[in-house]
Enquirer: 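I have a structure here, written as structure tokens, and I will follow up with some questions on it.
All heavy atoms count here, side chains included; hydrogens, waters and symmetry mates do not. Naming: A, B, ... by sequence-line order, numbering from 1 per chain.
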Protein chains: 2
Amino acid sequence: MENIGKILVVDDEADILEFISYNLKKEGYEVYTAPNGKEAMPIAKKVKPDLILLDVMMPVMDGIETCKRIKADSDFDQTYVVFLTARSEDYSEIEGLDAGADDYIAKPIKPKVLVTRLNAILRRKIKELAAPSIKVKDLHIDRESFLIYRGEQKIQLARKEFELLFLLASKPGKVFTRENILEKVWGDEVLVVDRTIDVHIRKIREKLGDEYIGTVKGVGYKFEV
Amino acid sequence: MENIGKILVVDDEADILEFISYNLKKEGYEVYTAPNGKEAMPIAKKVKPDLILLDVMMPVMDGIETCKRIKADSDFDQTYVVFLTARSEDYSEIEGLDAGADDYIAKPIKPKVLVTRLNAILRRKIKELAAPSIKVKDLHIDRESFLIYRGEQKIQLARKEFELLFLLASKPGKVFTRENILEKVWGDEVLVVDRTIDVHIRKIREKLGDEYIGTVKGVGYKFEV
DNA sequence: TATGGCTCTTAACAATTAGATAACAATTAC
DNA sequence: GTAATTGTTATCTAATTGTTAAGAGCCATA
């Protein structure tokens with residue numbers, strides 16, 4: 001099954017971890033686990049999960065504390081946090097989930113419920129994140145139609161060209177290293193020589209003109225502001 | 001705020017009713033309330049809400065029973081039902097929400113969660129209900145008759161072809177990925193190879209001409225504007 | 001219950017095009 | 001001036017899409 005998202009599950013009970021993990025993997029998620037908040041943080045930092053499923057009650061660093069730290073870290077702007085709340089726990093405590101959790105799921109967990117809920121949350125997320133279009137300078141870079149508009153003019157870019165321009169234009173002025181670009185545009189397991197980027201830059205310049213993309217020698221490329 | 005939909009809230013606890021009602025009204029919904037299933041039915045019949053928010057546990061006629069009746073009534077084909085489940089309730093019972101509910105929300109209710117969730121559900125609904133016929137370019141794509149009119153000419157498409165064209169034409173210019181298309185035209189549990197789409201596209205082009213549907217390589221198809 | 005016609009799906013092969021690379025030219029930094 | 005870096009072009013190939021045809025299933029009608 002194809003991969004549809006990364007989920008980090010944090011719970012101190014090994015069998016619950018196992019149970020959830022199994023069900024989410026079956027659904028096609030890439031699942032990571034940690035037994036408490038403290039150990040979860042570095043994993044979260046590393047894998048940048050789309051969603052963190054967090055038990056509220058844990059020994060070393062509890063869910064609420066963990067959630068607060070996550071929400072305070074701009075690395076996790078794009079990360080959803082969902083609490084797992086044992087129903088025996090007092091809800092007044094969970095009310096304290098104004099720590100910033102996005103949702104919560106009550107134990108005991110039914111697999112179908114869990115999966116349905118997480119699917120719904122992540123679907124929402126994907127939708128929200130998919131920045132539909134960027135307007136910079138006289139360009140309107142539109143993901144919906146995969147077209148670049150300049151005034152009345154429509155410019156068609158090839159897919160990689162589009163993604164590359166989109167990336168650069170998403171932070172005008174910021175210099176992206178080739179490494180950077182490869183990671184974002186080509187993805188994790190990159191199998192291409194980084195000079196390939198140069199060729200794509202060339203093609204974009206050919207189609208749009210030289211004034212949009214600048215070269216910072218020894219560093220990378222940027223969208224000129 | 002403009003009106004974005006009618007919601008009927010059914011719960012036996014007056015303060016919860018009040019709380020939900022307040023938050024939904026603030027969001028722009030037209031809100032109706034009832035204290036139990038029995039009283040809810042005639043109201044539902046009358047106002048034809050877009051969505052019914054239903055407490056599972058209620059004295060006179062509980063949520064599951066109410067839901068069954070609603071789902072059995074063709075008047076409510078277009079009505080979404082969402083359960084409110086108190087945490088103390090046994091989830092095995094909620095499993096019985098195979099009574100046909102479309103979603104459920106756990107108590108205690110967080111306003112943000114409630115509103116976000118309902119918005120999402122209703123957005124989906126509005127989209128589904130949208131326009132029985134579309135006029136784009138020189139085409140009149142008519143759901144009633146499943147025919148395409150081009151001037152005086154009537155063009156007959158097969159069902160899947162029609163649905164596919166209808167989808168693309170519902171957002172002219174927007175590129176739909178194959179995944180996208182499968183989800184919307186074929187439905188959730190898709191059992192077909194995505195190349196099937198290509199063949200349908202071919203047939204549509206054969207019947208209508210090549211000028212309507214464009215290919216965005218590596219991405220998907222779109223209705224050309 | 002055959003028969004024929006339709007729709008849908010798939011597989012196989014052809015055509016096309018985006019993308020990758022290498023090779024060489026130009027430019028820049030030191 | 002030289003080495004390092006980037007620009008540019010041409011070529012090749014791998015991925016994607018187009019196209020055709022064949023078979024399965026369905027339904028209406030004889």
Enquirer: Looking at C:dT28, does its base get a donor-acceptor pair with the side chain of A:Lys217 below 3.5 Å?
Expert: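 Indeed there is one.
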
Enquirer: Under the side-chain contact (heavy atoms from CB on, under 4.5 Å) test against A:Ile141, which residue among A:Leu147, A:Leu157, A:Val136 passes?
Expert: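 The passing option is A:Val136.
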
Enquirer: Quick one: do A:Arg143 and A:Glu163 make a salt bridge, cutoff under 4.0 Å?
Expert: yes

Enquirer: Please report, rounded to the nearest Å, how far the C1' atom of C:dG19 is from the CG atom of A:Asp194.
Expert: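 That distance rounds to 15 Å.
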
Enquirer: I'd like to know if the side chain of A:Asn23 pairs up with that of A:Tyr29 as donor and acceptor (distance under 3.5 Å, no hydrogens or angles considered).
Expert: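 Side chains of A:Asn23 and A:Tyr29: no pair found under 3.5 Å.
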
Enquirer: From CG of B:Leu182 over to C1' of C:dT9, roughly how many Å is that when rounded to an integer?
Expert: 12 Å

Enquirer: Please work out if B:Phe162 contacts a base, only the sugar-phosphate, or nothing of the nucleic acid, heavy-atom cut-off 4.0 Å.
Expert: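 No contact.
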
Enquirer: Whole-Å distance between D:dT16 C1' and B:Arg178 CZ?
Expert: 8 Å

Enquirer: For the pair made of CG in B:Asp198 and P in D:dT19, what is the distance, rounded to whole Å?
Expert: 10 Å

Enquirer: How close or far is atom C1' of C:dT28 from atom OH of A:Tyr221, stated in whole angstroms?
Expert: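 For the pair A:Tyr221 OH and C:dT28 C1', the rounded distance is 13 Å.
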
Enquirer: Considering every strand and a 4.0 Å limit on heavy-atom distances, what is the contact class for A:Val216: base, sugar-phosphate, or nothing?
Expert: sugar-phosphate

Enquirer: Rounded to whole Å, please give me the gap between CZ in B:Arg195 and P in D:dT17.
Expert: 8 Å

Enquirer: Determine the sole option in A:Lys203, A:Lys207, A:His200, A:Gln156 for which the side-chain hydrogen bond (donor to acceptor under 3.5 Å, both in side chains) test with A:Glu161 is passed.
Expert: A:Lys207

Enquirer: Between N or O atoms, less than 3.5 Å apart, protein on one side and nucleotides 6-8 of chain C on the other: list the pairs.
Expert:
from, atom 1, to, atom 2, distance (Å)
C:dC8, OP1, B:Lys160, N, 2.9

Enquirer: Please state whether the base of D:dG18 and the side chain of B:Arg205 form at least one donor-acceptor pair under 3.5 Å?
Expert: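 It does not, because no donor-acceptor pair links the side chain of B:Arg205 to the base of D:dG18 below 3.5 Å.
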
Enquirer: For D:dT8, take OP1 and OP2 only and decide whether either is under 4.0 Å from a side-chain N or O of A:Arg202.
Expert: yes

Enquirer: Please give, in whole Å, the distance from D:dG7 C1' to A:Ile201 CD1?
Expert: 11 Å

Enquirer: With B:Leu168, which of B:Val185, B:Ile204, B:Ile201, B:Val175 fulfils side-chain contact (heavy atoms from CB on, under 4.5 Å)?
Expert: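 So, applying the side-chain contact (heavy atoms from CB on, under 4.5 Å) to B:Leu168 and each of B:Val185, B:Ile204, B:Ile201, B:Val175, only B:Ile201 qualifies.
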
Enquirer: Do B:Tyr221 and B:Phe176 make the cut of ring centroids closer than 6.0 angstrom?
Expert: no

Enquirer: Rounded to whole angstroms, how far apart are CD on A:Glu163 and C1' on C:dA18?
Expert: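 From A:Glu163 CD to C:dA18 C1': 13 Å.
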
Enquirer: Tell me yes or no: between the side chains of B:Thr196 and B:Arg178, is some donor less than 3.5 Å from an acceptor?
Expert: no

